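In what follows, a single structure is set out as structure tokens and then discussed.
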Amino acid sequence: MTRQAVARDTNKPLEPPSEFIVKVQDINDNPPEFPHGPYYARVPEMSNVGTSVLQVTATDADDPTYGNSARLVYSILEGQPYFSVEPQTGIIRTALPNMDREARQEYDVVIQAKDMGGHMGGLSGTTEVKITLTDVNDNPPKFPQSVYSMSVSEDKVAGEEVGRLKAKDPDLGDNGLVNYRLIDGDGINMFELTTDSETREAVIKLKKMVDFETKRSYTLKVEGSNPHIDPQFLAWGPYKDEATIKISVEDADEPPVFIAPSYTFEVEENAPPGTQVGRVHAKDTDVANNPVRYMIPRYTDVEQFFSINAEDGMITTTKPLDRETQPWHNISVSATEIGGHHQDTKVRVNIKVKDVNDNPPEFATNNEVLMCETVAPGKVRLSVIETVTAVDKDEMAYRQHFTFNLAPEVAHNHNFSLKDNREKTASIYVLRKGFSRLTQDVYYLPIEINDNGIPAMSSTNTLTIRVCSCDSKETILSCNVEPYVLPAGLSTGALIAILACIVILLAIVVLFVALRRQKKEPLIVFEEEDIRENIITYDDEGGGEEDTEAFDIATLQNPDGANGFLPRKDIKPELQYPIRPGIGRPAANSVDVDDFIKTRIAEADSDPTAPPYDSIQIYGYEGRGSLAGSLSSLESVTTESDLDYDYLQSWGPRFKKLADLYGTKDCSINDADDGEDS
């Protein structure tokens, strides 16, 4: 800092400025601190003494240049005798040999740092260090037992589990892995060993099925070993262990067993029922040795060709067998033990039907032989018209062949001859020329075929030979019989044209007649038709109320009802009332619309069973106490009406007739009322 002396009264400097330097002397007032504490460290188990674990570092805020106030010394307060610390560097080291993780895994160590070189009066600070021992493979696997006992039933199949065992290894991770294998024992071929990937257990499974009656116990020797061995601890080995497994076989009620996996028998076809085919045999392998009963499941012999003796298993036929229909029969035989759990087993039986020569030979095909009219004997290419082939459903023996001959009735014919080729074929030759379709178009040639079997079988087959017309290259043109055609005859095209014209004319006539019938249909409807379903269209418009000639009123009349009462179609009256005498009907050709309508209204009013013609709904009862009354307009002629028709006068001359009709009616009613009043 800078200071200067001045006069108090004048405030003038008395001397030049002087610089003062103030030095603060440090004292030990700050304890050491561990800025990175607490600490965590790991060290392998079984480490040698002096193995470095961790270095801790403390700091002191005091001046290190002033005395020993900032000089730190490390010491261990907790964690002895397992660990030690170097006073000057703070490095923590192991202090005991063979520290075992399996005995103790974690240690809590407290380290102290003290300033003033550790002398009295110095300040100190502490930190915690958690030290964990890591695992090494220093423990071999060990089976808890030296001998294990297991059992398996003889009815278990290959692959099923028999038992489990596990060797204990206190090490962790890969150091604690154990591999298992079978190393010895009389059951090493009957059982197999696998390792469960989750539980790390050795699993004993069946490799082959065992049989209680054959062998009742097995012995296995299992070895468990570590796959990962630390060379540092190799002298602590061996890192493996062995155990013995004794497996006992339990008896089970098994089904009978056939002495053969399948059977094959032979039987001649056409053998009589009851012929023995062969015998099957099964036995109960259990200690009880129960008797066995045999049967043939029907689904394997649907047609029931065979039967079996239930006691001794002898298979016999029930009907003759035909090799040509079915050469092999594949059935099953079931054997069931009597007693116990009635278990059964099945075996396949294949029965071959031996051939017997019981079918005569026949033609391989039944096709017709087509022969040209120009065929002639002596020409090799033309004289042989066909080579026939024979087949036999029976099996042909060695060196067996067919013989062909013409039937006796045609043996001396003058048309064809036969040559046996000494195999399965024969050639047909022509003996003459001059064949003509007009003379004879088809020839039938019976041929006898013998198979020379034991016993010999023969048959007569007829060869059909058809004569055809051919061109110069012997190409067949036609094989149909053609009649003589006169030269003056019409050609085929002309005949087709004439027939087409006739068909068209017939179609026109039919169409014309149909149209005429439609035009003659009346415009009125009959009693079996419903008038509401018919619409009559007029192309011309009437001339108004005065025009009564524009249309025929007969359209509105039903001629079938001229002589009697027509009931309504939409209701069947239970009681019909006859028309009152005196009510006339207009003639069929009447044009008085007013009289026609009045007559219809009178008929409807006088018929209590007739419903309103403009309604399809009929209600016989309208309700009790109804103020509406009847809704029918047909009774309006006999009741008073409040309707006013004066407005019809203003509709013009076209409605004058209608206005006069209703106006006259009203006037007549009014006149009658006036007469009564007077």
Side-chain angles (χ1 to χ4, degrees), residues 324 355 357-493 495:
E324 288 72 35
D355 184 46
N357 193 27
D358 58 346
N359 291 281
E362 58 186 4
F363 282 156
T365 60
N366 293 321
N367 297 333
E368 292 184 342
V369 178
L370 304 181
M371 179 184 69
C372 292
E373 291 178 315
T374 58
V375 67
K379 298 180 181 180
V380 177
R381 186 170 61 87
L382 299 178
S383 59
V384 178
I385 61 172
E386 180 69 9
T387 299
V388 294
T389 304
V391 293
D392 194 335
K393 295 180 180 179
D394 297 320
E395 292 180 350
M396 297 292 292
Y398 180 67
R399 291 186 178 180
Q400 182 181 353
H401 63 277
F402 298 129
T403 57
F404 298 84
N405 293 287
L406 292 177
E409 62 269 20
V410 296
H412 303 289
N413 76 93
H414 302 288
N415 297 319
F416 306 97
S417 64
L418 181 144
K419 178 185 178 183
D420 190 349
N421 296 327
R422 303 297 296 175
E423 295 176 351
K424 295 182 180 181
T425 63
S427 299
I428 309 299
Y429 291 82
V430 295
L431 299 177
R432 68 178 180 87
K433 63 180 179 177
F435 290 93
S436 175
R437 288 183 299 156
L438 301 178
T439 303
Q440 184 176 352
D441 64 328
V442 177
Y443 293 86
Y444 298 99
L445 187 65
I447 300 175
E448 289 185 353
I449 309 175
N450 191 303
D451 62 5
N452 298 305
I454 301 176
M457 301 293 292
S458 63
S459 65
T460 301
N461 298 263
T462 301
L463 182 66
T464 302
I465 303 174
R466 186 175 295 275
V467 181
C468 303
S469 64
C470 303
D471 58 11
S472 59
K473 297 181 180 179
E474 306 302 330
T475 302
I476 295 176
L477 300 178
S478 175
C479 294
N480 298 323
V481 179
E482 297 180 358
Y484 289 105
V485 180
L486 295 177
L490 296 176
S491 64
T492 304
L495 292 174

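No hydrogens, no waters, no symmetry mates; every other heavy atom, side chains included, goes into these values. The structure presented is a predicted model; accordingly, all values stated were derived computationally and were not measured.
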Of Ile447, Val391, Thr389, the residue whose pairing with Phe363 passes side-chain contact (heavy atoms from CB on, under 4.5 Å): Ile447
Results of side-chain contact (heavy atoms from CB on, under 4.5 Å) for Ala411 - residues two or more places apart only: none
Pairs meeting criterion disulfide (SG to SG under 2.5 Å) with involvement of residues 435-471, two or more places apart: Cys372-Cys470, Cys468-Cys479
Set of side-chain contact (heavy atoms from CB on, under 4.5 Å) partners for Thr475, sequence neighbours left out: Asp471, Lys473
Under the ring-ring contact (aromatic ring centres under 6.0 Å, His included) test, residues paired with Phe404 that sit two or more places apart: none
Straight-line distance of Ile428 CD1 to Asn415 CG, nearest 0.5 Å: 12.5 Å
Partners meeting side-chain contact (heavy atoms from CB on, under 4.5 Å) with Ser472 (sequence neighbours left out): none
Contacts of type side chain to side chain donor-acceptor pair (under 3.5 Å), residue Ser427, not counting sequence neighbours: Asn421
Contacts of type salt bridge (charged side-chain N to carboxylate O under 4.0 Å, His left out), residue Glu324, not counting sequence neighbours: none
Side chain to side chain donor-acceptor pair (under 3.5 Å) partners of Ser459, counting only residues at least two apart: Asn461
Gap separating the CG atom of Leu418 from the CG atom of Leu463, nearest 0.5 angstrom: 9.5 Å
Point-to-point distance, once rounded to the nearest 0.5 Å, from CD1 of Ile476 to CG of Leu370: 4.5 Å
Any residue meeting salt bridge (charged side-chain N to carboxylate O under 4.0 Å, His left out) with Asp355, in chain and number order, not counting sequence neighbours: Arg323
Listed partners of Glu362 passing side chain to side chain donor-acceptor pair (under 3.5 Å), at least two apart: none
Inter- and intrachain pairs under ring pair (Phe, Tyr, Trp, His ring centres under 6.0 Å), touching residues 440-477, at least two apart: Phe416-Tyr443, Phe435-Tyr443
Residues forming a side chain to side chain donor-acceptor pair (under 3.5 Å) with Asp358, sequence neighbours excluded: Asn270
Reported CD1-to-CG distance for the pair Ile449 and Asp392, which is rounded to 0.5 angstrom: 9.5 Å
